[in-house]
Participant: 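Dumping the structure here so I can ask a few things about it.
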Amino acid sequence: MHRTLLAFLAFTLIAACASPQKRGPGFGAAPVSLAGQAERILSDARSKRAENSCEAAAPSFRVVASFGKGYDVAQYELGECLLEIDDPNPIQSALHQEEARLWLRRAAWAGNARAQLALADHLSATANNAVANANLIEAYGWALIYQDNAAHALYGLPSLSAEAKERFATALDETMKQSAHAFAADFRQFEMAVFQPPLVASGARAARQSGGRAPQGRRRR
């Protein structure tokens, strides 16, 4: 039995050493494509959300959303998902709402039309506290930006909710409307930086980068 196990382990080790490894120049094994990882993780998040479990989906959405530029769809979907979480704990509920607004704003500033619409609807609906005016102004600003977003007509995206239109018509005075129009006029697309994981050099390249010293800090002889 022991001889059979040892023979199997030896064969496995030889096969592993003989297998070709794809490597980058001077680095370890080539990293898996970031886009490929993101697609797999995003697909997992969407599957969990489809099962009516946004709480389970949120961690996967967060991973992809944090990749930054080019992942505004994940940022938008994370924001929407967080808004759907119904937590009985008022503190946790407030944290989910605040995080949702953070990710929706990031996606909206990146030019994501759906995020802009979501903010217009959400902020207008929650404008019922001490920051009601600020929320309404921002909500109306995003509504104006959304209307001018080419994706709105190109993809046949929906209009503002009837509730948001009603709130804008009845609760905004001229000064507030002017502030919202100024917000929309100043809008310039802005995205998070692209996430770039650091690559650790190895072997001779590492020695050259460290001034001829070995990774442990000792000079090579």
Participant: For Gln75, is there any backbone N or O sitting under 3.5 Å from a side-chain donor or acceptor partner on Asp72?
Facilitator: no
Participant: Taking it one step at a time, do Leu104 and Leu83 satisfy side-chain contact (heavy atoms from CB on, under 4.5 Å)?
Facilitator: CA-CA 10 Å; Leu104 287 174; Leu83 289 178; 3.9 Å; yes
Participant: Decide whether Val73 and Phe61 are clustered together by the hydrophobic rule: side chain heavy atoms of Ile, Leu, Val, Met, Phe, Trp, Tyr closer than 4.5 Å, transitively.
Facilitator: no
Participant: Hey, could you give me the CG/OG distance between Asn135 and Ser124, rounded to the nearest 0.5 Å?
Facilitator: 9.0 Å
Participant: What's the separation between atom CG in Asn112 and atom CD in Glu191, rounded to the nearest 0.5 Å?
Facilitator: 10.0 Å
Participant: The test is side-chain contact (heavy atoms from CB on, under 4.5 Å); show your working for Leu172 and Arg167 and say whether it passes.
Facilitator: CA-CA 8 Å; Leu172 287 170; Arg167 182 65 65 89; over 6 Å; no
Participant: Within the side chain of Asp121, is there an N or O that forms a donor-acceptor pair under 3.5 Å with the backbone of Ser161?
Facilitator: yes
Participant: Take Trp142 and Phe183 through the ring pair (Phe, Tyr, Trp, His ring centres under 6.0 Å) test and state the conclusion after the steps.
Facilitator: CA-CA 8 Å; Trp142 284 119; Phe183 174 80; 5.3 Å; yes
Participant: On a heavy-atom basis, which atom in Leu160 and which in Ala143 lie closest, and how many Å separate them?
Facilitator: CD1-CB, 3.6 Å
Participant: Return the minimal non-hydrogen interatomic distance between Ala57 and Cys81, and the atom names on each side.
Facilitator: CB-SG, 4.3 Å
Participant: Tell me whether Lys48 is salt-bridged to Glu51, with the criterion being a basic N under 4.0 Å from an acidic carboxylate O.
Facilitator: no
Participant: How far apart are the closest heavy atoms of Ala74 and Val64, and which atoms are they?
Facilitator: CB-CG1, 3.6 Å
Participant: How long is the straight-line distance from OH of Tyr71 back to CD of Glu77, given to the nearest 0.5 Å?
Facilitator: 13.5 Å
Participant: Report yes or no: does Gln92 contribute a side-chain atom to a donor-acceptor pair with the main-chain N or O of Asp87 at less than 3.5 Å?
Facilitator: no
Participant: Side chains of Gln37 and Val63, heavy atoms from C-beta outward: is any pair under 4.5 Å?
Facilitator: no
Participant: Identify, with sequence neighbours excluded, every residue that meets side-chain contact (heavy atoms from CB on, under 4.5 Å) alongside Ser179.
Facilitator: Ile137
Participant: Quick check: does any side chain N or O of His122 sit under 3.5 Å from a backbone N or O of Ala118, one acting as donor and the other as acceptor?
Facilitator: no
Participant: Is there a path of hydrophobic side-chain contacts, each under 4.5 Å between heavy atoms, that joins Leu82 and Ile91?
Facilitator: no
Participant: Do the two ring centres, one from Trp109 and one from Phe187, sit under 6.0 Å apart?
Facilitator: yes
Participant: Following the transitive rule for hydrophobic clusters with a side-chain heavy-atom cut-off under 4.5 Å over Ile, Leu, Val, Met, Phe, Trp and Tyr, establish whether Leu157 and Leu117 coincide in one cluster.
Facilitator: yes
Participant: Taking salt bridge (Lys or Arg N to Asp or Glu O under 4.0 Å) as the cut-off, I'd like each qualifying pair that reaches into residues 105-117, sequence neighbours left out, listed once.
Facilitator: Arg105-Glu138
Participant: Grab the two heavy atoms, one from Ile85 and one from Glu55, that are nearest each other, plus how far apart they are.
Facilitator: CD1-CA, 3.9 Å
Participant: Check step by step if salt bridge (charged side-chain N to carboxylate O under 4.0 Å, His left out) holds for Asp44 and Arg40.
Facilitator: CA-CA 6 Å; Asp44 174 71; Arg40 288 193 294 272; over 6 Å; no
Participant: Judged by modelled atom types alone, do Gln116 and Asn149 share a side-chain donor-acceptor pair under 3.5 Å?
Facilitator: yes
Participant: Whether the side chain of Ser93 engages the backbone of Asn89 through a donor-acceptor N/O pair (distance < 3.5 Å, no angle test) should be reported.
Facilitator: no
Participant: Taking Arg49's backbone N and O only, do any of them form a donor-acceptor pair with Ser53's side chain (distance below 3.5 Å, no angle check)?
Facilitator: no
Participant: Run the numbers on Met176 and Tyr140 for side-chain contact (heavy atoms from CB on, under 4.5 Å), then give the verdict.
Facilitator: CA-CA 9 Å; Met176 294 167 70; Tyr140 189 47; over 6 Å; no
Participant: For Lys165 versus Ser159, what's the shortest heavy-atom pair and its separation?
Facilitator: NZ-CB, 4.1 Å
Participant: Could you grab the distance from atom CG of Asp86 to atom SG of Cys54, nearest 0.5 Å is fine?
Facilitator: 11.5 Å
Participant: For Ala115 and Ala107, work out which heavy atoms get closest and say how close.
Facilitator: CB-CB, 3.6 Å
Participant: Kindly compute the distance separating CD1 (Ile145) from NE2 (His152), expressed to the nearest 0.5 Å.
Facilitator: 14.0 Å
Participant: Using modelled atom types and a 3.5 Å cut-off, is there a donor and acceptor pairing between side-chain atoms of Ser66 and backbone atoms of Arg62?
Facilitator: yes
